Amino acid sequence: MGAGEGAGGKSSSEEPWPVRVVSQKIGAWVARLGWVWVDGQVAQISRRPGASTVFLTLRDPSADLSLTVTTNRDVLDSGAPELREGARVVLHAKPEFYAARGTLSLRADEIRQVGLGELLARLEKLKKLLAAEGLFDRARKRRPPFLPQRIGLITGRASAAERDVLTNARRRWPAVEFRTVNVAVQGPSAVPQIVDALKVLDADPSIDVIILARGGGGIEDLLPFSDEALCRAVFVCRTPVISAIGHETDAPLVDYVADVRASTPTDAAKRVVPDLAEEVRLIKQARYRLHRAVHNLVDRESHRIDALRSRPVLARPQVMIEHRAAEVAALRQRAGRCLDHRLAAAGDDLRHTLARLRALSPAATLDRGYAIVQRGDGYVVRAATDVAPGDPLRVRLADGELAATVDR
C-alpha cells in the first residue's frame, strides 16, 4: 500500500511509506499528546468475571463519536463504583494508537462520575449561553396551526408517551394524522437519533407541527433533552416544535427553545389539535346566538314598522293629501280675489286717466268751437305779429279745415 501521484500533490518519484511506518508515526504523534481529561457519556461497560481490566465505550453526547477506554477494575471501583450505562463521567486518560488494527483508544487511571450538582451547574451555564444567543427569545416562537394536516411525533418505541399523545389526540380529533419516528429517548444514542428524526420531519412538507415527547424520569434520564446539539437543532427547525418532556415540574433546556412547551405528553395532545366535541358545542352555541340576534333584530324592526304604520299619516294617508288640497284651494281663492281687486283698481285708474286725457286733448277744445290757425310751414299762430299780410293760413276746425289769407 503506497501513495502515488495525485495523493497530496506529491510526485510519483517520491518513495512511498509502508503501512507500518505510517502506523508508527501516527502512534508516535498520539503518544506525544500525553495525559488529558476527557468528558463523555458511558455507552457500554464490559466487566469480565475474574479479569482486572474493564472496557468502556465513551460517547460524545453532542456528536456521533465514541472511543474505547480501558482501565483497571480498581480504578473504576474507587472512582465510580456504581457506574451504569448512560452516566456522565470525567476521566484522566492517555490516548493510545493500536498499530495492528489502526484504532485509537484511551487508557484511564482515574474515573469520576459527574455528580448531580455538577450536572446542574453545567446545565445552568449552557442555559445562560443559549439565552444570550437568543435561542429562548419569545419573539421568534411560532404559533402551531389550529388544525394541523399532519403531525410529526418523535418519541420512544411503544412508550407511554407515544400512547398518551396518539390516544388523546385521536380522542379529541379522530381524523388527525401522525407520522411517528421512534428513537432512543435516553442514553448515549438518544441525541443523534432525535436530531436525525427532527431533520427528517422538518423536511417533510406534509408535516405542520412536530411533537417531541418523553415520559418522566430523573435528571440523568432527561439529560439528552438538555443537550446543546439538540437545542440548536430545534432552534433551526422551520416547522413549529412542541416540547412534551417528562412531567410538569421537569424543565429540560429544549422546553425553552421549543415554540410551545407542554407540561406532559397528554397536554401536548390537547394543545396540538382542538377538541371536536368542544368545537361542535361552540358552533352550536354560536349558531344559537346568531339565531337569537337575528330573531331579536327582526322583532325590533317589526315593532318599529308597526309603530310607524299606527301613525295617522300612515293609517289614513289621504288625510295629508286632503289637507294639502284644501290649502291649495284656499290659496287659489286668495290669488283670484287678489287678482280681481288689482284688475278693478287698474280699470278705475285707466278710466280716470282717459278722462283727464280727453279733457286736455286739443280735439275736445275744437269740439267746443275753438280753431287752430297754422302758417304754411305748420307753425301755430299764437299772436297777430306771427303773420304778415298776404300769408296763407290753415284753419283747423273740429270738423274739417279752412284755407285763408291774411289781408291786414
Side-chain angles (χ1 to χ4, degrees), residues 138-139 142-143 145-147 274 276 278-408:
R138 291 184 177 273
R142 296 151 296 185
R143 183 189 297 272
F146 172 73
L147 185 59
L276 179 60
E278 178 66 15
E279 295 302 319
V280 171
R281 187 188 68 80
L282 291 176
I283 291 174
K284 289 182 178 179
Q285 182 180 6
R287 291 181 64 185
Y288 174 75
R289 291 174 60 187
L290 180 61
H291 174 75
R292 291 286 302 172
V294 173
H295 182 73
N296 292 337
L297 178 61
V298 172
D299 285 347
R300 185 168 62 251
E301 295 302 318
S302 297
H303 293 156
R304 191 167 71 88
I305 292 174
D306 292 339
L308 292 174
R309 292 177 60 187
S310 64
R311 294 181 181 179
V313 69
L314 292 179
R316 292 185 64 243
Q318 63 272 20
V319 171
M320 183 174 66
I321 297 176
E322 292 173 354
H323 180 67
R324 294 290 181 251
E327 289 183 352
V328 171
L331 290 173
R332 289 181 64 186
Q333 291 178 1
R334 252 179 94 183
R337 289 195 299 270
C338 182
L339 183 59
D340 291 342
H341 176 72
R342 290 194 175 186
L343 289 175
D348 292 341
D349 290 341
L350 182 59
R351 284 191 294 273
H352 293 159
T353 302
L354 287 174
R356 287 197 300 272
L357 287 175
R358 287 171 180 167
L360 298 175
S361 172
T365 303
L366 294 177
D367 286 341
R368 292 198 298 269
Y370 291 94
I372 298 175
V373 180
Q374 294 177 305
R375 292 188 312 199
D377 56 4
Y379 179 79
V380 176
V381 179
R382 291 179 176 84
T385 57
D386 291 336
V387 294
D391 289 339
L393 297 176
R394 177 186 175 192
V395 180
R396 293 184 60 188
L397 304 175
D399 185 13
E401 296 181 357
L402 295 176
T405 304
V406 178
D407 55 3
R408 62 168 181 233

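The first residue in the sequence is number 1, and the count goes up from there. No experiment lies behind these values; they were computed from the predicted model shown.
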For a quick test of your reading: what N or O donor-acceptor pairs under 3.5 Å do the side chains of residues 378-387 make, sequence neighbours left out?
| residue | atom | partner | partner atom | Å |
| --- | --- | --- | --- | --- |
| Asp386 | OD2 | Arg382 | N | 3.1 |
| Asp386 | OD2 | Ala383 | N | 3.0 |

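- His291 is not listed as a side-chain neighbour of Val294, based on a closest heavy-atom distance of 4.5 Å or more.
- A distance of 12.0 Å separates CD1 of Ile305 from OG of Ser310, quoted to the nearest 0.5 Å.
- Within the model, atoms CG of Asp391 and OG1 of Thr405 stand 9.0 Å from one another, a figure rounded to the nearest 0.5 Å.
- With sequence neighbours left out, the side-chain hydrogen bond (donor to acceptor under 3.5 Å, both in side chains) criterion links Glu278 to Arg281.
- A search for side-chain hydrogen bond (donor to acceptor under 3.5 Å, both in side chains) contacts involving Asp299 returns His295, not counting sequence neighbours.
- Nearest heavy atoms, Val406 versus Ala388: CB-O, 3.4 Å.
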Which donor-acceptor pairs under 3.5 Å do side chains of residues 334-351 form with protein atoms, sequence neighbours excluded?
| residue | atom | partner | partner atom | Å |
| --- | --- | --- | --- | --- |
| Asp348 | OD1 | Arg351 | NH2 | 2.0 |

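- With contacts defined as side-chain heavy-atom distances shorter than 4.5 Å, the pair Arg289/Arg292 does not qualify.
- The side-chain hydrogen bond (donor to acceptor under 3.5 Å, both in side chains) search around His303 returns none, not counting sequence neighbours.
- With sequence neighbours excluded, no residue forms a side-chain hydrogen bond (donor to acceptor under 3.5 Å, both in side chains) with Gln374.
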